[in-house]
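What follows is one structure encoded as structure tokens, with my remarks underneath.
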Amino acid sequence: MKRTSWRDYEKEIADDHYYYARSCIRQNFFPGSETTFLRIMRDVLGKDIYDDPRHTSCTGIGYHTDIVPLDTTMAVVARQFALMTEAGYENMAISCITSFGLYTEILETWHEFPETEARARENLFKATGREFKKPANLAHTSDLVFHNREAIAAQAVRKLENAVTGEPLNVVEHIGCHYAKIFPKSGIGGSEFPYVLAGMVDEWGGRVVDYPERRHCCGFGFRNYLVQANRGFSIANSRKKLESMAPYRPDFMVANCPGCAMFLDKWQYAIAEMENVTYGADGRGIPVLTYEEMAGLVLGYDPWEMGMQMHQVDVEPLLARMGVAYDPSGKFLGRAGKYIGAPETAVVNSFTGDRIYRIKA
Amino acid sequence: MNAVNFGYMISVARGIDLDRNDLTSARELGDEMPEFRACIACGGCTATCTAGNLTSFNFRMVQTLVRRGEYAGAYREMNKCMLCGKCRLVCPRGINTRGVVMLIKRKLGDY
Amino acid sequence: MENLTFYHGFVVPFVVGTSVLFAVIFYKYVRWFTRLPRRDRQKVRRGIFSFATVRAVWECFTECLLHRRIWRVNPLLGYMHTSFALGWFLLIVVGWLETTAYLGGRFVPLQGHIFFKFFTTGLEHGPRWGIDFEAVMDLLLLYVLSGLALALFKRIRSRALGMRRTTRLTFGDRVALGSLWFIFPMRLLAESITSGLFGSGGFLTGSLGGLLAPVATQGLELAAWWGYSIALGVFFVAMPFSRYMHIFTEVPLIFLRRWGLRSEVREKSFDHFQIEACSRCGLCLDPCQMQRDAGLEQVQSVYFVRDRRYNRLTRRVADTCMMCGRCEERCPVGLELNTLRLNSRHALRNTPANDRYAYARNRDTSSGGGRTGYFAGCMTLLSPRILKAMESIFAAVGEEVWWADRSGGVCCGRPLKLSGEVDAAREMMKINAEMFSKQEITTLVTSCPICLKVFREDYVLPGIEVVHHSEYIERLLGEGRIGLTPGTERFTYHDPCELGRGCGIYKPPREIVRRVGTLVEPAETGREAMCCGSSIAGNGLDKNAVGKMGVAVGRAFEQTGAGSVVTACPLCKKAIARNTSLPVADIAEIVERHLVPAK
Amino acid sequence: MQAALSLAADGLKPVIVERSGAVGGKLRDWHRLFPTMTPAQEVLEEMAGRLEHAGVEVMLHTEVEGIGSKGVTLAEGKTLDAAAVIVASGFDIFDARLKEEYGYHVYDNVYTTVDIERMLNKGHVALHDGSAPRRIAFVHCVGSRDEKVNQRHCSKVCCITGVKQAMEMRELFPEAEIYNFYMDIRMFGPGYEELYQQAQQESGINFIRGRVSEASPTIDGRIQIKAEDTLVGRPMKMTVDMLVLIVGMKAAGGNERLAASCKGVTLAPSGFVAPKDMFAGSVETGAPGVFTAGAATAPKTIGESIAEGAMAAEKVVEYLKKAK
């Protein structure tokens, strides 16, 4: 990406000593990604990051589906801050975009309406007896990876390139809506052209695809997915993005939001099953990676160790293209090498028909 | 075609996608009857419409949609028209609106 | 005399041609007759022994032979057609008499009659039965030749014969026309040479034969007879495929029509008789305003009928017509041109009704009540002055009125019908008819001639008399229920197509106008009145064409010198008002202006 | 008037030939002028005063028959010698009765903008029965942009007139609901768009994008109008107490006579006098010595007409210099 306007939205990111807040979705659907993140932070970059088993969900999903009232949410978030304060940290690294957005929103609300902060402090104290300091620095974990992208590149074993032709891989980056669309200043590059993922891709040798529906939501939309009757709308949004990016023949997508990574991946499966349409140039689905997985591949980590078998769209074709050596038989081995069983074949991974999404011009 | 029933269908986009809409028919309609393109969307036709008085038929909207390549349902809608010709009398652009109805029905209908 | 033979090689083309002609005609007629729908066949059975048959014979004489209607258009043109038809007919009849007179009752094959002169050179000449047949036949031949001369002249200057435009011919027509032109000169030549060689002939062939005698040889004689026979043969073969098919078809058409057969909104076998009875004379071209004022070509009735006959009718041709009926008025064969056009539209595009107007059912928005109903019609709703005038008139006579559609109604169905969507139109008619029959009305007044026409033609409304508001007003005047103050204003009146030619209502509006002022008629009026150009049937016409015709109509009224234009149709009113600086009013409006309340 | 003033200032002897009993044309009927709400009288009086001061000769009640080779032919065969002529005969107001479906002169409470100006001048705006309207609707483009009455052109000033009058109505009837039905709103002049916004925002005028198709009477003597709210895509109807038709400008009826009498003067298809060209020759005609000013050539505002008057005068001076 040739744009440099992202520099107008420089964001301060703390260098070290983070309190780590995990993501509900990621722990369930991409547990390997968070592990990989910690591994990179600690082993590759030598940072201090505290992974606290006591912290809870931020209630973001409940909040955005109008189930959890704002006061409750504030109290829960206040508790996370209290845990951070108690653990002696003042920089918060948040794994989830929804949480990141919510924390940012709450801090802004407290700033604009101090009485709400007072009430949250009071509620927290009444309920738990805890007190807290507001974080000095609030960053999404993709911000941290972005911040350290050059250090990671220095230790990379491969680039985001086609191992045979040496051509850079076409990468579609997708930023979670709540990363910077609510508060542009909270994201690297603002809300129009967030640079957080594109910066990594640029640094690690890939080519960022700039396609028409780049800023469009993945379709998760909380209520739109959670109510079955609305799911058609959710999936239609993903399809809109997929149709828009397909002509660029992306090698993979990378997302920094738990929901986005999950839905861009899983809706491809659903669309293929329902309508027999796939969007990858090879007739299969387009793999969707988290930025940690992308970084892990660059650093030469084993894909199965990073949990990439959890993807709905198989990543093997991508691994082959990148020249990643991996053990095909190791894909479905669980703890202690125990075979956990392979899923049934899906249209999105075994496409043989002729209904690849018609690519115009 | 639905191999798997997930209990929902992919919603059809509400937006008009001029990249994807096949405008051939719209173009042909205009070529056959250039005044078809002269509409300034004043809505006089719809307001005076005898059929529109009794049902939801909206001539201006349907023919505009046709010009945008949104053909679905145009034939069915146009069939609500009684061809009475009031619209032709009020049209400030003098468009042969009845001719437009017949033309759309012919081009986009199944007869 | 006994050893007369009636055979020679040159008769072959004639015999072949005649055989083909009769075979084709026989095939066509049998086919068309057997395919007539049952009710039409019944009408034939009933009509055949009625007085209608006698009338048909008389009509065949006056029209097929004398071409009376063409004489009315232009005497020269009438003379031309009569000379061909009657002249040729008499040549055949008198020729047959001549043969009989000379040869007695003996059998003579067809070619013997036709080529009588050639085969009977050995006969003694002179009058028989006291008639100089040679002179009579020469006179008849001269008669036909004079017609031919006019026909040639018409090709060059049609205007002299009262026609500004003539029909463009098809290939078959050209072949037939070419051979037709040769027949009579060749006959003259052949008979003259024979006369020259054998010293016979009347005043024409005899004297021409005398002139040719020095150069005439037997070879030349035979060549001329060959030429004559070939011309006849070619003409007869081309005839059933060309416009000359009308010569024969007009006869059965006249009979069928006298027996009550008519074309309908759906195509049927009877249409063939109408279509092939068209001689493509082109008389329908000049009255056509689309031709005259809008410059639209090749769509007029003659071309429409031609295209339909040869199965190459396009939608454009079927649709580009206002169905004003001016051509129908002119047609010498009396073809139902509007109905044929209508059933072609039906055939080209009738779409299934599919219950598509279900939404309009049981949506009665009428108001009021009483024995008299008033149906404004869609167009009147856009002309509130007419509506208001009618209101005043009803009020003046104290009539209690049921207002069928003042706050919007359902279209009468005529526009749909005129567009060929007959099934859908019927559905709509049913909706209105049902609504009418629920009321107590005995009279239904409408201001719209379009509605009037369809109410009278297609609606079954037992116990309800449908009248146009001009008729209604005239009736009120007649009964003395309203009075009108006389005035000095000069009005000109426009006959709406659907009211005049459509429903035959010419007098009532004129009577009304005369009661309130002076009436000046435009150049074309009554049966020949112009169409305003906005006809509801003209949905194949673009705005430019409509505009041009409208300008011409406006001009025609301005030329009358009248102070204002009166008409009796809301659609005509709008169309004319747009194209003239004169004030334009509906008949009801001027009545309102001069209204004297009931005594 | 401005042309005469400029000519007089240049030392020439202009004569104004006026059909009616006073100079000023239609301006005399207007109440206040958009977009500044300046009273029309102010503009008129100021100019008339200057005219009097300059001693310009004015022939009132004088009909012009045509332009001959020597000058202007007047009624009764008289000729007024003139070295050059400026045609400033303006426009005619569209006869709203031709749009019968709107019910002008059919229903009591249908007015034109001209009627409203006159009522404003009289200082008494009211319904036919003298009461105050509670709901007023303005219909734009009556006799403009309408092929059905052979008026294809845009009359330019009606949009802003409609906005202006709607605001005046608001002043008079603070409680009334006021609607403007339009096809397009063309706010081309300085301050116009601002006035439009003010009408929306401060005067609370409702603007509905849809052409009124017909008007019909209601049982209580009000008027029901039908239009499509095209932005919503649904037909609508409403009953109003007062319907104001914003009438357009029609080419002056005398234009044809003028063109017939003077070789070189031609008319545009719209019936207005065709200028020599649209740019530098906009006040000249095809006939040497014949110039135009104001709405004789196209719909114009008062300001534009005055500017053209000055320009025409300048062209006359130039022409006369060349002629010598």
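Residue numbers begin at 1 in each chain, while the letters A, B, ... track the order of the sequences.
- Using a 4.5 Å cut-off between heavy atoms, B:Arg76 does not touch chain C at all.
- Taking a cutoff of 4.0 Å between a charged side-chain nitrogen and a carboxylate oxygen, C:Asp458 and C:Lys417 qualify as a salt bridge.
- C:Thr365 does not touch chain B: none of its heavy atoms, backbone or side chain, sits under 4.5 Å away.
- Neither the backbone nor the side chain of B:Ser56 has a heavy atom closer than 4.5 Å to any heavy atom of chain C.
- Note on B:Glu77 versus B:Lys105: no salt bridge recorded, every NZ/NE/NH1/NH2 to OD/OE distance being 4.0 Å or above.
- Proximity to chain B is limited to the side chain of C:Leu381, based on heavy atoms less than 4.5 angstrom apart.
- Heavy atoms closer than 4.5 Å to chain B are found in the side chain of C:Val546, but not in its backbone.
- The greatest number of non-hydrogen atom pairs below 4.5 Å with chain C, out of B:Asn53, B:Leu89, B:Val90, B:Val100, is found for B:Leu89.
- Under the 4.0 Å criterion applied to side-chain N and carboxylate O atoms, C:Lys573 and C:Glu589 are assigned as salt-bridge partners.
- With respect to chain C, the highest number of heavy-atom pairs below 4.5 Å among B:Thr55, B:Thr50, B:Asn79, B:Leu83 belongs to B:Asn79.
- Checked against a 6.0 Å centroid threshold, the rings of B:Phe57 and C:Tyr359 do not count as neighbours.
- We find that C:Asp542 and C:Lys548 are not joined by a salt bridge, their nearest charged nitrogen and carboxylate oxygen being 4.0 Å or further apart.
- Ionic pairing of C:Arg345 and C:Glu421 is not present here: no N-O contact between side-chain nitrogen and carboxylate oxygen is shorter than 4.0 angstrom.
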